[in-house]
Visitor: 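Below you'll find the structure I mean.
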Amino acid sequence: MEHQLSLVQSMLDLFADESGLSVILTNDRGEWITRPSGTIVGSLESGPVRGQLEQRLRAILEQYAAIRNGIVHDVSPGVRLVRAPVFLNRRETYYVWTGCLVDERIVNHSAMHNRQGEPKFPWTQVLASAKQSSADTEKALTKTCTLASIVEGLLKPAFAEEALCRRMELLRRLASNYEASEEWAHVLAEASEEADFIGFAAKTERQRFAVVQYAGPSADAVRRLSFSLGEGFVGQVATSRKAVFWDQVARDPRTFAFSQCGLYPMSLFCVPVFRDRELEGVLFGGSVTEPTLSRGAQSFVKAYAAGWSMRVTLGAVREDRNTNFTRLSTFVETCGSINNAQDVKRLSYILVDMSLNLVEGSFSCVVLKQSEQKVQLVSRGLGQQQAERYVKELAARWSPPADRRGWPQTELYEGSGMPPVMECPLYYQSELLGIWCIALKSPDQYALYREYMTIVAQAGSASLYRLWDKGRVCRGDAVQLLNRALGYWDSYAFDMTHQAQELALPFARSLKLDETTIKQIGEACLVYPYSPAFLSDILRSPEQMELIGHFHAITRLLEDGKPGGQGQEQAAVSEFSAGGQIIAMIYFYLQFGGDTQSLDQLWPVSPKLRAAFRAFCDSREVVESEISLTAEEEDSRANGVPELPDIRKLKDLPPLSSREREVLGHVLQGESNREIAEQLVISEHTVKNHMTNIFQKLGVTDRAQAIAMVYKAGWNR
């Protein structure tokens, strides 16, 4: 463009020398494109005269904007300027100005003095080159129009080339996906030479198409428009899904929606934009001055719409990829946490917390089958009465007939007064262990999460069976037979043995004892009421006999009373294995009705072990409830607010600030950003900033992964 303007400047200089007139090229706002050429150049290139002249030319252009050919303007009594247009494209017009011409009838030069408010031209220089007749004025007009045609021939190809470059750059930017989609209608409007308005009507949930982007006249009114299928031009293209260009639509009744907004198009186009094969919306636009759009403009709009469709499709693919990657990484973290779970309670909470944060529903729960009449519930978001009603309905629906074949499948439950619930069965080797229930925000989420949650449920089922199986003994085993016999003659002792086993197994795992020792402790809990002398002829395992012997030895020491010195007490404690101390401590704990303060009297058990058991009991206090499926509903119990999880002592977590750990503790409770903000009396924006910092420090991308990492770091409820 600079080269062409240099040629134009040389040509204007030559014209000024040959004609004796001054000449200049301006845009449609009166601003100079070239410097003035002619006899009065020196006085116009700088100073206040230039600004005054540009202001006067702009006023003339605004007053005579409708005139599209060469014209002579009287700018002062007896003084004229000649103007000729240079048409570069449908939007851009330059003007060649020549003059000044002085009427030959004016003999008193003082009459040419400037009136108040008019530009102060150097008239003495004008008179030296002024034309003296109307014939000369007509000749100057003809030459000026010819000059404008030559200038147009020089500049028009350069403008077309620049417009093409702008279009190519726009398509490149569209393909690179750098800018936000909300800007693209405005960017297209700036790059388009023929369209006076551009808009985009996006598809809504109700099968309507609402204008979400718009650049052009009557913007506020047009942005409120929406169209149904088949309604007007936009609705017609939304139905046919094919691009259409209309000419001379000023009187077409389908423009009624636009004309009501004060927009009166003369030509119009509507082009569909797709996300893969689904209609995303309709790109529309047109001109209020031109009755037709050129073939070049139509081709560019089609290419632009195709690029937009590609961009939207690629965005969807990237979104799906990121979502799948997030799910995969979350699945890996969750499965790692599931595999490392040390007890059923912790496993249940891993499933509950992961699903609650991933799906963001109103509740999540795990219902585990304990017997034909009882189930164990671990939940978040369910009130006590609501939980009991739902669990009883669940148990009735998931009690299959005897002749039912095949494994149970994940199902969607939509009951009255309940949100849609995804119910994932937890089964292993054709045995139904429980149900994992996840409340959804909408039924559409069922198809989105079904396969993913089913896979996680299968992993959880295998881990659940493994945890349960470690505490089970084969039916033909002597331990099981002795325990069953205990149930016939001492039902109280029988119940105590199973309560002891339910406590001993997860507690032993929390101490990270080896699996063999854990199994021996679990079996010893079932037969500890028997005397060692009786068991010595039946049990073949010396390790089990040692555990039971240490248990009875500790109980005898407690009956004999505490020794006199601390040294004797420590010596007595050192004689007993950890397993024997665990069984005695749990027996003592159950005998005193679950009072952890009573453990202070248990001096034959090491203080460190007692402290660990207190912490273990405290962590179990708020996590589970037992619901009878046959008894009448109990009186409603107020739901207590659980204490905030304490993660300050987790050494395997990356360093977090005290505030970030506090926010993460609320996340572990399943609270939303808004709820966290209310609890901490801070803004929701501040909570989002804390969450961003937490994700960066933990190296995760969402809440589910963060929770999985906390579990992996050793947090135990």
Side-chain angles (χ1 to χ4, degrees), residues 90-91 163 166-167 169-171 173-174 177-247 249-250 252-275 278-294 297-298 300-312 315:
R90 293 194 178 188
R91 284 190 173 185
R166 287 196 301 270
R167 291 178 178 180
E169 175 65 15
L170 177 57
L171 294 176
R173 289 170 57 197
L174 187 66
N177 195 23
Y178 291 149
E179 283 76 14
S181 60
E182 289 78 6
E183 302 176 359
W184 284 109
H186 296 273
V187 174
L188 176 60
E190 293 175 0
S192 178
E193 301 172 2
E194 301 180 24
D196 299 314
F197 62 93
I198 297 289
F200 181 70
K203 183 180 179 181
T204 65
E205 295 181 355
R206 298 181 179 181
Q207 295 297 313
R208 293 188 65 85
F209 294 82
V211 178
V212 295
Q213 300 182 43
Y214 180 77
S218 305
D220 293 338
V222 174
R223 287 195 186 98
R224 293 193 292 266
L225 289 177
S226 66
F227 304 87
S228 60
L229 289 173
E231 180 183 2
F233 292 106
V234 174
Q236 179 178 333
V237 169
T239 303
S240 66
R241 299 162 66 96
K242 294 181 179 179
V244 182
F245 294 82
W246 291 276
D247 297 334
V249 297
D252 195 309
R254 289 173 293 181
T255 64
F256 179 71
F258 294 116
S259 60
Q260 276 192 317
C261 298
L263 179 66
Y264 302 95
M266 295 188 67
S267 57
L268 190 70
F269 66 82
C270 292
V271 184
V273 174
F274 296 95
R275 179 192 293 265
E278 294 295 325
L279 184 64
E280 180 77 3
V282 177
L283 176 67
F284 66 90
S287 174
V288 296
T289 58
E290 301 295 334
T292 62
L293 293 178
S294 66
Q298 294 182 19
F300 173 63
V301 168
K302 288 181 180 179
Y304 183 85
W308 194 330
S309 297
M310 179 185 67
R311 178 183 180 280
V312 171

Visitor: Can you name the nearest heavy-atom pair linking A305 to L283, along with the distance?
Guide: CB-CD2, 4.2 Å

Visitor: Side-chain contact, heavy-atom cut-off 4.5 Å: F197 with L268?
Guide: yes

Visitor: Apply side-chain contact (heavy atoms from CB on, under 4.5 Å) to F245 and V301, showing your working.
Guide: CA-CA 10 Å; F245 294 82; V301 168; 4.3 Å; yes

Visitor: What I'd like to find out is whether the side chain of C261 reaches to under 4.5 Å of the side chain of L225, using heavy atoms alone.
Guide: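 Yes; the side chains approach each other to less than 4.5 Å.
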
Visitor: Distance from S218 atom OG to R224 atom CZ, nearest 0.5 Å?
Guide: 10.0 Å

Visitor: Would you call D252 and F233 a side-chain contact if the rule is heavy atoms closer than 4.5 Å?
Guide: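 When only atoms from C-beta onward are counted, F233 and D252 do touch, with a gap below 4.5 Å.
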
Visitor: Over 60° means perpendicular and under 30° means parallel, so tell me whether F258 and F284 are parallel, tilted or perpendicular.
Guide: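 Because their plane-to-plane angle lies in the 30° to 60° range, the rings of F258 and F284 count as tilted.
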
Visitor: Output the distance between atom CD1 (I198) and atom OH (Y214), rounded to the nearest 0.5 Å.
Guide: 9.0 Å

Visitor: Verify, without hydrogens or angle tests, whether S226 (side chain) and R208 (backbone) share a donor-acceptor contact under 3.5 angstrom.
Guide: no

Visitor: Side chains of V212 and F200, heavy atoms from C-beta outward: is any pair under 4.5 Å?
Guide: yes

Visitor: Which atom pair, heavy atoms only, marks the closest approach of V237 to K242?
Guide: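 The pair with the smallest heavy-atom distance is CG1-O, 3.3 Å.
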
Visitor: Would you say the side chains of S287 and D196 form a donor-acceptor pair under 3.5 Å?
Guide: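 Indeed, the side chains of S287 and D196 share at least one donor-acceptor pair under 3.5 Å.
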
Visitor: Under 4.5 Å between any side-chain heavy atoms of C270 and Q236, yes or no?
Guide: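 No; the side chains remain at least 4.5 Å from each other.
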
Visitor: Once rounded to the nearest 0.5 Å, what's the spacing between atom CZ of R223 and atom CD of Q213?
Guide: 9.5 Å

Visitor: Below 4.5 Å, heavy atoms only, C-beta onward: do S267 and T292 meet side chain to side chain?
Guide: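 No, their side chains stay 4.5 Å or more apart.
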
Visitor: Looking only at heavy atoms, which two atoms of A243 and P272 are closest? And how far apart?
Guide: N-CD, 3.6 Å

Visitor: What heavy-atom pair brings V222 and P217 nearest, and what distance separates the two atoms?
Guide: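 Where V222 meets P217 most closely, the heavy atoms are CG2-O, 4.2 Å.
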
Visitor: Would you call F274 and E280 a side-chain contact if the rule is heavy atoms closer than 4.5 Å?
Guide: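 No - every pair of side-chain heavy atoms lies 4.5 Å or more apart.
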
Visitor: For the side chain of E290 and the backbone of E194, is there at least one donor-acceptor N/O pair under 3.5 Å apart?
Guide: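 No, E290 side chain to E194 backbone: no donor-acceptor pair under 3.5 Å.
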
Visitor: Hey, does L279 have a side-chain heavy atom less than 4.5 Å from the side chain of R241?
Guide: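 R241 reaches L279 side chain to side chain.
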
